[in-house]
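These notes are about the structure you will find just below.
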Amino acid sequence: KEHFIKSINLNANYEKSFFNLGSLEYDLKNFLEAKSYFQKALEINSNFQLARYGLMKCLSYLCLWDQYQQNIKYLDDLGIKDTPLPPLGFLSMQDDPHKELKRAVKWNENFRKQIKDKKKVLRVHNQKIKIGFFSSDFREHPVMFLLLNFFKLINRDVFEVFAYSNSPFPSDSYTDSVKYSVDYFIDLFKFNNEEAIRILENNNLDFAIDLNGHTQFNRFELFKFQVA
């Protein structure tokens, strides 16, 4: 946080510093503070779509519906024109399947551009079928309420089970149960994409299953490398 503030002190008209502060406060669930930083970024650049998206999420969390209503006019362009934006967040903002599809396609194309020249993960034949589950929710979370026993019941004579965690949250009893229930538990949160790909290449998966979808802290981009 102090680095962003220092950046603002050097240049008070750089909207991205205010946006980054807003994103930080948002992740900490300090929605009032995040709202003020997003608004400041928009004062500098009213076309800054990421800041508009962040502001609208804050306004909905704070139930400031009058202010939210004032921003609805921007929804038709958000995530469709110019900047790709995470499509999931718009499901509660706009009930329009056609626009939802456009946002999802644009978001996906953004990942394709990032890995255009990347090579696939190289694989060799395994004695057992290696299956990997990717999630930020190996913790007290509805995903684990449903899947915890499932991990225990996978036939180990046939399958070798990997759990790849991408969670910034502290471990809990559910995390410990997952670690006990799978063959390998690997924390990917501390690794960037290149480092994660090297790990996955060594693990040589046959199947890779994403449990996050477009929710927060997903590693959707890893799947573009055909990691299984």
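Keep in mind that what you see is a predicted model, and the values were worked out from it rather than measured.
Between the side chain of Asp96 and the main chain of Lys99, a donor-acceptor pair closer than 3.5 Å is present. With hydrogens and angles ignored, the 3.5 Å screen pairs no side-chain donor or acceptor of Asn11 with any backbone N or O of Ser7. When atom types are taken as modelled, the side chain of Asn108 and the backbone of Ala104 share no donor-acceptor pair closer than 3.5 angstrom. The backbone N or O of Asn204 lies less than 3.5 Å from a partner atom in the side chain of Asn126, making a donor-acceptor pair. A donor-acceptor pair under 3.5 Å links the side-chain atoms of Lys106 to the main chain of Asp82, judged by distance alone. The main-chain N or O of Phe220 is never found under 3.5 Å from a side-chain atom of Asp210 such that the two would form a donor-acceptor pair. Side chain of Asp206 to main chain of Ile131: no donor-acceptor pair is present (N/O by atom type, distance under 3.5 Å, no hydrogens or angles). A donor-acceptor pair is defined here as one N or O able to donate and one able to accept, closer than 3.5 Å; no such pair exists between the side chain of Glu25 and the backbone of Gly22. Side-chain N or O atoms of Gln216 include none that pairs as donor or acceptor with a backbone N or O of Ser136 at under 3.5 Å.
Taking a cutoff of 4.0 Å between a charged side-chain nitrogen and a carboxylate oxygen, Asp27 and Lys29 do not qualify as a salt bridge. With salt bridges taken as basic N to acidic carboxylate O contacts below 4.0 Å, one links Glu43 and Lys40. Between Glu100 and Lys102 there is no salt bridge, since none of the side-chain N atoms of the basic residue sits less than 4.0 Å from a carboxylate O of the acidic one.
You'll find the side chain of Ser177 stays beyond 4.5 Å of the side chain of Met144, heavy atoms only. You'll find the side chain of Asn203 reaches within 4.5 Å of the side chain of Ile186, heavy atoms only. Under the 4.5 Å side-chain criterion, counting only non-hydrogen atoms from C-beta, Arg219 is in contact with Asn193. Contact of the Tyr164 side chain with the Val227 side chain is not registered, since no non-hydrogen atoms from C-beta on lie closer than 4.5 Å.
Note on ring orientation: taking the six-membered ring where Trp is involved, the planes of Tyr37 and Phe18 are tilted (angle from 30° to 60°). Ring geometry, Phe133 versus Phe150: the interplanar angle exceeds 60°, so the pair is classed perpendicular (tilted spans 30 to 60°).
Judged by distance alone, the side chains of Thr175 and Asp172 do bring a donor and an acceptor atom under 3.5 Å apart.
A distance below 6.0 Å separates the ring centres of Tyr174 and Phe145. Remark: aromatic rings of Tyr53 and Phe90 are close, center separation under 6.0 Å.
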For residues 62-80, run the donor-acceptor check on the side chains, cut-off 3.5 Å, and write out each pair with its distance to 0.1 Å, sequence neighbours left out.
from: Asn71; atom 1: OD1; to: Arg52; atom 2: NH1; distance (Å): 2.8
from: Asn71; atom 1: ND2; to: Gln67; atom 2: O; distance (Å): 2.9
from: Asp76; atom 1: OD1; to: Gln94; atom 2: NE2; distance (Å): 2.8

(request) Test side-chain hydrogen bond (donor to acceptor under 3.5 Å, both in side chains) on Thr215 and Asn212 and set out the steps. (result) CA-CA 6 Å; Thr215 58; Asn212 268 104; 2.9 Å; yes
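When every heavy atom of Phe185 is checked against every heavy atom of Ser165, the shortest pair comes out as CZ-CB, 3.6 Å. Here the shortest heavy-atom pairing between Ala163 and Val178 reads CB-CG1, 4.1 Å.
A 6.0 Å sphere centred on CD of Glu195 holds more than 12 heavy atoms belonging to other residues, nucleotides or ligands.
Among pairs with a residue in residues 153-166, those fulfilling salt bridge (Lys or Arg N to Asp or Glu O under 4.0 Å) read Arg156-Asp183, at least two apart in sequence or across chains.
Partner of Phe134 under the side-chain contact (heavy atoms from CB on, under 4.5 Å) criterion, out of Leu188, Leu211, Ile209, Asn218: Leu188 alone.
When hydrophobic residues (I, L, V, M, F, W, Y) are linked wherever their side-chain heavy atoms come within less than 4.5 Å, the members clustered with Leu91 are Leu88.
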